[in-house]
*Asks:* 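Structure incoming, see below.
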Protein chains: 2
Amino acid sequence: MRPNKRDELVSKALDVFYANGFHATGMDKLVAVTGISKTSMYKHFRTKEDIILATLELRDENFRAWLYRQVEALADTPKGQLLAIYDALEDWFSLPEFRGCMFIKASAEFQELDHPIHVQSADHKRLLTEHFVDVAKAAGLNDPENLARQLMILKEGAIIMAVMGHSENPAMDAKAAAQALIDAASH
Amino acid sequence: MRPNKRDELVSKALDVFYANGFHATGMDKLVAVTGISKTSMYKHFRTKEDIILATLELRDENFRAWLYRQVEALADTPKGQLLAIYDALEDWFSLPEFRGCMFIKASAEFQELDHPIHVQSADHKRLLTEHFVDVAKAAGLNDPENLARQLMILKEGAIIMAVMGHSENPAMDAKAAAQALIDAASH
DNA sequence: CGTTATGTTTACCGATCTGTACATAAACCC
DNA sequence: GGGTTTATGTACAGATCGGTAAACATAACG
């Protein structure tokens, strides 16, 4: 019951769910991938759904920490950081293991609005939006809430177009659009 | 083997898949919902995957026909029609049965890039993009391909934000952004 | 060494998954 | 009408689903 076994399970389950989907991944597959017996898994988690929720929690922490750090490393002004979001996306999209947004996929497989997995996915997007609001405020731009929602739309749309694969560089398409919106909010 | 039975199956299967997901919907559920026996289904389609592909084909026809018609009804200039896309989205989002984009969800459940379901979902997005390029050209705007990709990003992003439910009106957020992009492309 | 807690393995449960064999009913041809 | 094709319903096969009971190994503590 030492906690690192639990973390190892969650970390490896995250990779499998991300690459193969939630319904499509059975518990037997998790056993095969992690080398942890099914009984041990059910010592740590009551249900498969609890495992999924734990992987989403980890993903939320990892992704937001990565994005925020990346954005801060790429630009030192708030306005520049808003644009740097899309440079970070470009790096993400080019990774060979890129498979789209885990939270979009989770909410696609668990659609009921009050389902815990759907709620947790929506929370991730809410936290990102709130962070963008803060940066937009720091940049002194007009109507930061509105701008943040638009930048989120560009981010999510770029992810979808990256998965669908009909644009050479959806991240830069979105960045150019973001530039226009930021200019418009600079009165 | 009369064809209307087949169409009835596809039409009802579309509703169930859209509302409940693909992996989460078993053949027994389709039997219960459609009243068509499993044997008859497998007379019309070799596999469940073939049924899914047929529902996506129907959805593609229905959605694009609806969107194009709606956009033409709402505006008579090409430039106005590009903006009317988001008015149409607003209507769609407000429907009680709105559950996001079926193709985004399909590609989320069938992730391999060469999977027929993924390919068909990507085709739907490609057809939409090409249509937007045509309208942008008719409007005489700069770099119509680039603008069309950006309008697609706004459309897909608005759908995601509508599903996640943190904006009062994601369609209008996207419309305002689209207005700024169209202005920027009007040199 | 013996006892007790702790975690793992194995084997399995009932339910459900996609897909099919077979027997029956309906519709057609003559 | 009799005979033949065609569609349907039943019932089930084999695999896999999420989840569990009980035997087994391991280590800690006296």
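Not measured: the values here are computed from a predicted model.
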*Asks:* Using whole Å, report how far CE of M41(A) lies from P of dT9(C).
*Replies:* 11 Å

*Asks:* For F110(B) and H115(B), take the angle between the two ring planes, folded into 0 to 90°, and tell me which bin it lands in: parallel under 30, tilted 30 to 60, perpendicular over 60.
*Replies:*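 Correct class here is tilted.
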
*Asks:* Quick check on E97(B): does its CD atom have over 12 non-hydrogen neighbours (other residues, nucleotides or ligands) under 6.0 Å away?
*Replies:* yes

*Asks:* Side chain of K43(B) only, heavy atoms from C-beta on: which candidate in dT8(D), dG19(C), dG18(D) is closest?
*Replies:* dT8(D)

*Asks:* Salt-bridge test for R126(B) and D123(B): reply yes if a basic N is under 4.0 Å from a carboxylate O, no otherwise.
*Replies:*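 D123(B) and R126(B): salt-bridged.
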
*Asks:* Are Y42(A) and dT20(D) close enough that a side-chain N or O sits under 4.0 Å from OP1 or OP2?
*Replies:* no

*Asks:* Please report the closest heavy-atom contact between P144(B) and A136(B), naming both atoms and the distance.
*Replies:*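 Taking every non-hydrogen atom into account, CB-CB, 3.7 Å.
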
*Asks:* Hey, mind stepping through E145(B) and R149(B) against salt bridge (charged side-chain N to carboxylate O under 4.0 Å, His left out) and telling me if it holds?
*Replies:* CA-CA 6 Å; E145(B) 281 86 6; R149(B) 288 197 304 271; over 6 Å; no

*Asks:* For F45(A) and dT20(D), what is the distance between atoms CZ and C1' respectively, to the nearest whole Å?
*Replies:* 18 Å

*Asks:* Rounded to the Å, how far apart are I51(A) CD1 and dC17(D) C1'?
*Replies:*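 About 14 Å, once rounded to whole Å.
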
*Asks:* More 5' along DNA chain D: K48(A) or S40(B), using each one's nearest nucleotide?
*Replies:* S40(B)

*Asks:* Between L154(A) and L154(B), is the side-chain contact (heavy atoms from CB on, under 4.5 Å) condition met? List the steps.
*Replies:* CA-CA 6 Å; L154(A) 288 175; L154(B) 288 176; 3.5 Å; yes

*Asks:* At a heavy-atom distance below 4.0 Å, what parts of residues 13-38 of chain B sit against DNA chain D?
*Replies:* S37(B)

*Asks:* Within the sub-3.5 Å range, which N or O atoms of nucleotides 21-27 of chain C have a protein N or O partner, and how far apart are they?
*Replies:*
from	atom 1	to	atom 2	distance (Å)
dA21(C)	N6	T39(B)	OG1	3.3

*Asks:* For Q111(B), enumerate each residue passing the side chain to side chain donor-acceptor pair (under 3.5 Å) test, keeping only those at least two apart in sequence or located in another chain.
*Replies:* K105(A)

*Asks:* Does the distance from a Lys or Arg side-chain N to an Asp or Glu carboxylate O, for K175(A) and E90(A), drop under 4.0 Å?
*Replies:* no

